[in-house]
Amino acid sequence: MIAAQFKARHSALVEEIRRHDHAYYVQARPTVSDRHYDQLYRELIDLEVTHPELVTPDSPSQRVGGAPLTAFKNVRHAIPMMSLDNTYSEQEVWAFVIRVQKLVPDEPLEWTVEPKVDGVAVSLRYEDGVFVQGATRGDGTFGDEITANLRTIRGLPLRLRGALEDSVIELRGEVYFPTKAFEAFNEEREAAGEERFANPRNATAGSLKQLDSKLVAQRPLAVVLYGVGEVRLPKAAVPMPDRQVGLLDWLNELGCPTPEKLWRCLSADEIIAAIEELDLLRRSFNYETDGAVVKLNAIRLRDRIGVTSKAPRWAMAYKYAPEQAATRLRDITIQVGRTGKLTPVAELEPVFLSGSTVSRATLHNEDELRRKDIRIGDTVLIEKAGEVIPAVVRVVLEKRCGDEREFVFPKQCPECGTPVQRDQTADGDGVDWRCMNPDCPAQIRGRLEHWCHRGAMDIEGGGEALVVQLVRAGLVRDVSELYRLRLGDVAALERMGSKSAQNFMDGVEASRKQDLWRLIFGLGILHVGVGVAKALCRAFPNLDEIAKAGAAQLKSVPDIGDVIAQSVENWFADSKNRELIERLRQAGLNFDSSLYRPREVGGTFGGKTFVLTGTLPTLSREAATARIEGLGGKVSSSVSKKTDFVLAGDEAGSKLEKAQKLGLRIIDETEFLRLCEASAT
Ligand code: IVH
C-alpha cells in the first residue's frame with residue numbers, strides 16, 4: 001500500500017468503528033459480533049502503530065486513555081453553565097408557569113418535561129465536528145478540563161455526524177455510572193480493600209476526578225446530552241432547531257445519546273401529569289434520576305425571559321422525594337470486616353421500600369450514630385440513598401417512649417475481645433474503629449472468603465457458609481492451611497455432602513497452579529486490586545522480587561502510585577506475612593509471573609513480530625499474546641513484510657493467504673510451544 005491507501009484505510013476503519021460504537025453505546029442495538037469489532041479495532045491500532053502520523057484526535061484508539069496528568073487545567077466556559085431552581089410541590093409548578101407567562105403575556109407557551117439525570121454535568125466542545133475539549137461545571141464560569149477522561153466514554157462521539165466544517169458546537173449534558181454496572185463495581189472495590197462508593201453519582205464524580213485517564217477507561221461511564229452552550233454554524237448549514245423537542249432530535253442526528261423520554265405539555269396540569277408518569281418509569285432507566293426538568297419549549301423565547309444570577313427563569317427542576325419508610329430498630333450489631341474495621345449495622349423490623357424488603361442498613365460509624373442520636377428500640381426513617389443502599393435518615397422522635405436504649409460502641413472487638421483502636425490520619429482521628437488482632441476470627445473468615453473469591457483464587461464452595469465452619473472447627477487459621485485440609489475433615493462438617501466436599505478440595509488443589517496475579521490479589525493487601533496485581537506481575541518475574549522491591553522501586557511500575565507502593569512495602573515488611581508466604585511456598589503454590597510477565601528485552605522473541613490468526617487448539621489469544629510478549633516479542637494484527645511469524649490456527653483466513661503470498665514463516669501451536677519451551681531451557 002502507498003501512503004494515500006493507508007490513509008484511506010484508516011479513515012474507513014475509523015468511520016466503521018464509529019458506526020458500530022454508535023449502534024452499541026447510543027442505540028443499544030449492536031450491528032456486528034464482538035469478534036468482528038475486535039478485528040477492526042486491532043487493524044486500526046496496528047495501522048496507527050506503523051503509521052503514527054495517521055492518528056487523529058477522533059480516532060477510536062484515543063479512548064484508552066493517555067499519560068497521567070499532574071493536575072487539571074482550568075477552562076472558562078464560553079457560555080456559563082447554570083444550575084436550576086428546585087421545586088418540590090404541585091403548587092410550585094403552577095406558580096412557575098404563571099410567573100413565566102407573565103413575562104411574555106402575548107405568547108402561548110409550550111413546555112417540555114425530561115428526566116433529571118443524577119450524574120455530573122459536563123460541557124463538550126466540538127470544532128469542525130471533532131471533540132476537542134470537555135470540562136466539568138466547576139463554579140459555572142470556570143471548570144476542570146477533563147478531555148482525556150471524557151474521551152474514554154464509549155457513547156460520547158469523538159466526531160459528530162454530518163458536514164460540520166467551520167463550526168463550533170458546545171454540548172451540555174450529564175455523565176453517569178450505569179446503575180446496572182454499579183453494584184458489581186462496588187463489590188470489586190470492596191474485594192480490593194477500597195471504599196465502596198455511596199451511590200452511582202459519587203462513583204461518576206470520583207472517576208472523572210482521576211488524573212490517570214487509563215483508569216477511567218476501565219470504568220463503564222456513559223453520557224446523556226440535553227442542551228447546548230456556544231453554537232456557531234456556517235451560514236450555509238441547516239440552522240439549529242429552535243425548540244427543545246427539535247434540539248434533542250438534532251443531538252440524536254449528530255450521534256449523541258439523549259434522555260430516555262420527553263413529554264410536550266401545554267399547561268401546568270399536563271406538566272404535573274408528565275412528572276407523575278416519569279416517576280413511574282424512571283426506575284427502569286440505566287441512570288439514576290432525582291427529578292424532572294421542566295423547560296420552555298421555544299428556545300427563541302428563552303432570551304426574553306432571562307436568567308437569575310444562578311439559574312434560568314425559563315426552566316426548573318421538580319425534585320422527587322426519595323422513598324422513605326418508618327420501621328423499628330430492633331438492635332444494633334457490629335460487623336468486623338477483613339481489615340478489622342468495625343461497622344455498626346441497624347437490624348430492622350423488615351419493611352418494603354423501593355422494590356425490595358429491607359431488614360438491615362449500615363450506620364457507617366460511631367460519629368454518625370451519635371450525630372443522629374440513634375437508640376435501640378427507636379422508630380427510624382430509612383431511605384434508599386441513591387436508590388441503592390438503604391440508610392437511616394433520622395429517628396422519628398415523636399415515637400420515642402423512653403424505653404429506648406443508647407448503644408455503647410464497643411471498646412473491644414465483639415469477635416475476639418481485643419481492645420479496638422481508632423484509625424489515625426494525617427489530620428488526627430479517623431472515623432473508624434479497628435480490631436488490631438490479625439488472628440481475630442472475623443478477619444480470618446474475611447481473608448479466607450476473599451482468597452476463595454471468584455476474582456481471586458476462584459475456589460468453588462469457599463463462600464461464607466463453609467468458611468464459618470472451617471474457622472469454627474479450628475481447621476483453618478490462615479489461607480495456607482487450606483492446603484493441609486483433608487477430604488474427611490471437610491466432609492464431616494455440618495451440611496456438607498461428600499460431593500461438595502470433593503468439589504471444594506478439587507478447587508483448592510487447582511488453585512496451587514493459579515496465575516500469580518490471582519494469588520497477589522487474594523492476599524488482600526490494602527489498595528491492591530486486580531489491576532494492580534496484574535501490573536506487579538508485568539513488572540516483576542516472581543513474588544520474591546515483588547516482596548524485595550520496596551516502595552521506591554514499586555513506584556516506578558506503571559499504574560502504581562505512592563499510596564499503593566507504600567502499602568505493598570508495609571505488607572511484606574510484616575514478619576507474619578512473610579511467614580505466610582513461606583507456608584504458601586511449601587504448599588507448592590505458583591509464585592512465578594506466567595500469564596502476565598515482564599517483557600524480556602532481547603528474549604527469545606526479542607524484536608520479533610507475530611501475527612495471530614484463526615483459533616488455536618488450546619491457547620487463547622490472550623495467553624498466546626502474553627507468552628510472546630513475555631519473551632520479548634510483539635503481536636501485531638496485520639500481516640506485512642515485517643512480520644516474522646504467523647501463528648495460525650483453525651479457520652485462519654485472509655491473513656494466512658497473505659502470509660503465504662509474502663512467503664512468511666507460518667507456524668502452528670505445537671511449533672509455537674516448542675519455540676517457547678526452547679527458550680525456557
Ligand atoms: S438543563 C441552564 N436538563 O441538573 C440549565 N439539566 O440541578 C441547564 N441536569 O446543572 C440545565 N438533567 O447538571 C438540564 N435534563 C436535564 C438535566 C439537567 C440533569 C442537571 C444539570 C444542572 C442540574 C441542576
Side-chain angles (χ1 to χ4, degrees), residues 77-88 92 96 100 111-124 134-144 146 150 155-156 170-179 199-202 204-205 208 221-231 243-252 256-265 271 274-275 277-279 281-282 285-322 386-387:
H77 299 300
I79 294 181
M81 290 179 77
M82 306 203 82
S83 69
L84 294 169
D85 284 333
N86 292 327
T87 53
Y88 299 89
E92 287 176 291
F96 164 73
V100 176
W111 306 93
T112 60
V113 174
E114 312 168 354
K116 179 159 160 27
V117 183
D118 195 11
V120 173
V122 291
S123 182
L124 314 174
T136 60
R137 187 168 72 158
D139 63 6
T141 311
F142 288 97
D144 284 335
I146 52 163
L150 291 170
L156 182 153
E170 236 177 52
L171 304 179
R172 300 276 166 88
E174 212 81 3
V175 174
Y176 63 92
F177 203 109
T179 41
N199 55 47
R201 178 163 38 79
N202 289 4
T204 312
L208 291 180
L221 297 178
V223 68
V224 59
L225 298 164
Y226 45 68
V228 293
E230 183 182 14
V231 176
R243 278 165 210 283
Q244 181 69 12
V245 181
L247 182 74
L248 294 188
D249 290 340
W250 185 64
L251 292 177
N252 273 149
C256 301
T258 52
E260 199 82 10
K261 205 167 151 63
L262 174 89
W263 285 262
R264 236 180 79 193
C265 309
I271 293 173
I275 289 173
E277 261 180 56
L278 174 59
D279 195 17
L281 277 179
R282 64 196 181 100
F285 301 165
N286 204 11
Y287 42 75
E288 304 226 307
T289 49
D290 57 345
V293 181
V294 184
K295 297 176 186 172
L296 189 63
N297 196 13
I299 294 170
R300 165 183 68 85
L301 288 180
R302 293 180 182 175
D303 279 347
R304 273 175 65 191
I305 290 160
V307 298
T308 66
S309 61
K310 66 177 242 310
R313 287 202 171 85
W314 46 263
M316 56 144 226
Y318 178 94
K319 295 280 239 152
Y320 295 112
E387 313 266 340

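First listed ligand is number 1; within each ligand, the first listed atom is number 1.
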Does Arg137 come within less than 4.0 angstrom of ligand 1, counting non-hydrogen atoms of the residue?
yes
Atom 8 (C) of ligand 1: which of Glu174, Lys116, Lys310, Met82 has the nearest heavy atom?
Met82
What is the closest protein heavy atom to atom 3 (N) of ligand 1, and at what distance does it sit?
Lys295 NZ, 3.0 Å
Among protein heavy atoms, which sits nearest to atom 2 (C) of ligand 1, and what does the distance come to when rounded to 0.1 Å?
Pro312 CG, 3.6 Å
Arg243 side chain vs Ala298 backbone, donor-acceptor pair below 3.5 Å:
no
Is a donor on one side and an acceptor on the other found under 3.5 Å between the side chain of Gln244 and the backbone of Tyr226?
yes
When you measure from the heavy atoms of Pro115 to every atom of ligand 1, does any distance fall below 4.0 Å?
yes
For atom 5 (C) of ligand 1, grab the closest protein heavy atom and report residue, atom and distance to one decimal in Å.
Leu84 CD2, 3.8 Å
Just to be sure I'm reading this right: ignoring hydrogens, which of Val117, Thr258, Val307 gets closest to atom 12 (N) of ligand 1? Compare them by their nearest heavy atoms.
Val117
Would you call Arg201-Glu288 a salt bridge at under 4.0 Å N-O?
no
Answer with yes or no whether Met81 contacts ligand 1, where contact means a heavy atom under 4.0 Å from a ligand atom.
no
Among all protein heavy atoms in this structure, tell me which lies nearest to atom 15 (N) of ligand 1, with the distance rounded to 0.1 Å.
Glu114 OE1, 2.7 Å
Do Thr289 and Asp118 pair up side chain to side chain, a donor and an acceptor below 3.5 Å, judged on atom types alone?
no
